[in-house]
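Each chain gets a letter, A, B and so on, in the order its sequence line appears, and its residues count up from 1.
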Amino acid sequence: MSEEKRKDAVQVTVEFSGGLEMLFEHQRKLQISMAKKGEEVPNVAELVSHLCNDVMKDSRKDLFVLDGTVRPGILVLINDADWELEGEDQYELQEGDNILFVSTLHGG
Amino acid sequence: MPPTPCALCKTNRALIVRPKDHSKLCKACFIQVFETEIHHTITANKLFHRGEKIAMGASGGKDSTVLASVLKTLNERHDYGVELILLSIDEGIKGYRDDSLETVKRNAQQYKMPLTILGYDELYGWTMDQVVEQVGKKGNCTYCGVFRRQALDRGAARLGVKHVVTGHNADDIAETVLMNLLRGDLPRLSRTTSIVTSTPSAASSDPKSHTNIKRSKPLKYAYEKEIVLYAHHKSLDYFSTECIYSPEAFRGSARALIKNLERVRPSAILDVVRSGEDMAKLVPGSDDSCGGNCANGAPAAEEEEGGCGSSNGRTAGGEMANMEQQLAQNELATENGLEVEITAGAISGQSHSSGTTPLRNREKKTKNKSEAVASRKPPKQVMGKCSRCGYLSSQEVCKACVLLEGLNKNRPKNAIQVGYEAQDTDNADSMATATSRLRNVQIQAD
């Protein structure tokens with residue numbers, strides 16, 4: 001995950017909290033590098049599917065992604081802003097972005 | 001996308017989209033608005049009075065952490081003049097509660113509030129780990145729920161506190177409303193929508209001096225999403241976990257339904273809460289017909305039982321299990337012919353039956369006998385002491401003692417207990433015979 005900065009990739013910080021970190025081996029913070037496809041910049045949807053398919057080792061994938069998108073009840077904050085303000089999963093990742101996934105589904 | 005300015009201050013960048021009205025707010029305005037709304041809930045419902053000592057049920061989770069933070073802020077800002085303390089219950093589940101209790105301890109320091117931690121072992125002689133060892137993972141949530149309910153009351157009584165606030169939020173209430181709706185249990189629906197409930201309890205120092213512990217939910221109209229965002233933007237220290245004994249709870253279907261509805265139509269959650277309140281007003285003899293503002297709120301007895309872990313209702317798996325038990329209990333009630341007896345003239349005020357049939361019959365009776373309506377008065381709760389532990393109970397032996405007896409005899413009697421418990425909040429005279437019949441079943445089962 002800690003690849004060198006490359007021009008053909010976007011490096012973002014991904015954080016998990018609210019109990020979601022349990023699905024990612026208790027990791028709270030990850031550096032993720034998303035490759036660009038030519039001029040095409042990867043968006044949050046692609047990041048989510050990468051996290052779900054390649055990063056997440058827990059078999060309960062549906063606790064993170066349901067029906068092709070982030071499970072209802074999980075908040076997504078892009079640089080601290082609700083992703084609804086940023087175009088949701090169509091938001092195009094920029095170098096250094098912070099993407100936070102917070103579960104509201106867990107108890108204390 | 002260009003940054004959207006805050007709808008209130010028009011200067012800062014909006015970071016939050018409010019679920020209730022889609023308004024886009026900056027961090028500072030959101031925090032201000034969120035706190036102001038809780039303040040409004042508190043004042044509009046007259047939840048607190050000056051000089052009152054209030055215990056906050058604290059689990060270390062997001063709801064109770066936000067509750068403590070907001071109440072401390074508001075108490076200082078608006079000079080409520082209330083004394084706030086933290087009360088935590090340690091169920092005795094290793095690897096689950098340990099870490100969250102550490103969070104509560106940190107919170108107590110951060111907020112400079114006294115903290116009391118009360119353990120199941122201390123109260124009942126059993127930790128949940130030991131209970132599970134005895135009864136297995138299935139059905140252990142019932143024990144946990146019954147024990148916890150009393151534990152908060154006992155803790156409060158021990159501290160000389162008559163008011164306990166909990167962190168139930170709008171999502172929790174909406175979830176419970178839906179579940180009771182799906183179950184056809186309007187009387188219970190009416191209780192769970194009340195912002196204030198009261199449960200009987202006994203001061204531990206003197207078992208004879210009974211006191212009513214009032215419970216309220218200041219976050220009742222707060223979205224879970226906003227609670228989490230508030231905690232995030234104020235960098236509050238909270239702990240999230242799932243009870244290790246109810247992994248299925250995460251997939252609780254009522255919860256999933258609520259969250260799906262929210263995504264399609266965010267206002268749905270508060271709409272369900274409001275619908276629940278309106279339906280509650282239609283329930284005959286409902287305490288909520290006074291708008292939930294009565295000094296003596298609805299009895300809360302069954303409301304939160306079955307919830308595991310921290311915030312009740314979060315663990316919908318436990319709730320669903322409870323629901324199944326309730327269904328089984330309804331069958332038992334039918335076998336005993338309860339629905340016929342329930343509808344006798346004595347039905348009034350706080351009679352809460354769990355079956356749908358009784359409710360229907362009750363309405364019919366009311367229509368036919370107008371004098372019955374005229375003479376309807378809320379009955380005084382006939383409360384006695386549990387003959388074993390002295391805890392206030394409408395039964396001779398309280399629920400916790402029944403469960404404990406089963407545990408101590410190395411023979412769980414979960415199923416029977418539920419049928420027994422069903423009558424616990426029924427105080428109508430007409431129930432007496434049926435209840436004693438059930439009690440006989442209980443005794444025979446012993």
Just wondering, are more than 12 heavy atoms of other shown residues or ligands nearer than 6.0 Å to [atom1] in [X]?
X: B/Lys24; atom1: NZ; answer: no
X: A/Asp67; atom1: CG; answer: no
X: A/Lys36; atom1: NZ; answer: yes

Does the side chain of [X] reach to within under 4.5 Å of the side chain of [Y], using non-hydrogen atoms?
X: A/Leu77; Y: B/Leu15; result: no
X: B/Glu224; Y: A/Leu105; result: no
X: A/Leu100; Y: B/His232; result: yes

With a 4.5 angstrom heavy-atom cut-off, is it the side chain or the backbone of B/Lys225 that approaches chain A, or both, or neither?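 Both backbone and side chain.
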Which portion of B/Val228 sits near chain A, non-hydrogen atoms under 4.5 angstrom: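 Just the side chain, heavy atoms under 4.5 Å.
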Considering non-hydrogen atoms only, spot the tightest contact between B/Ala14 and A/Ala81 and give its length.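 Between these two residues, the closest heavy atoms are O-CB, 4.4 Å.
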Of all the heavy-atom pairs spanning B/Asn260 and A/Pro72, show the shortest one and how long it is.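 Smallest interatomic distance, heavy atoms only, reads OD1-CG, 3.1 Å.
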How many angstroms lie between atom [atom1] of [X] and atom [atom2] of [Y], to the nearest 0.5 angstrom?
X: A/Asp80; Y: B/Lys27; atom1: CG; atom2: NZ; answer: 6.5 Å
X: A/Glu84; Y: B/His22; atom1: CD; atom2: NE2; answer: 6.5 Å
X: B/Glu226; Y: A/Thr104; atom1: CD; atom2: OG1; answer: 12.0 Å
X: A/Leu66; Y: B/Arg263; atom1: CG; atom2: CZ; answer: 9.0 Å
X: A/Leu85; Y: B/Leu25; atom1: CG; atom2: CG; answer: 10.0 Å
X: A/Ser17; Y: B/Lys62; atom1: OG; atom2: NZ; answer: 10.5 Å

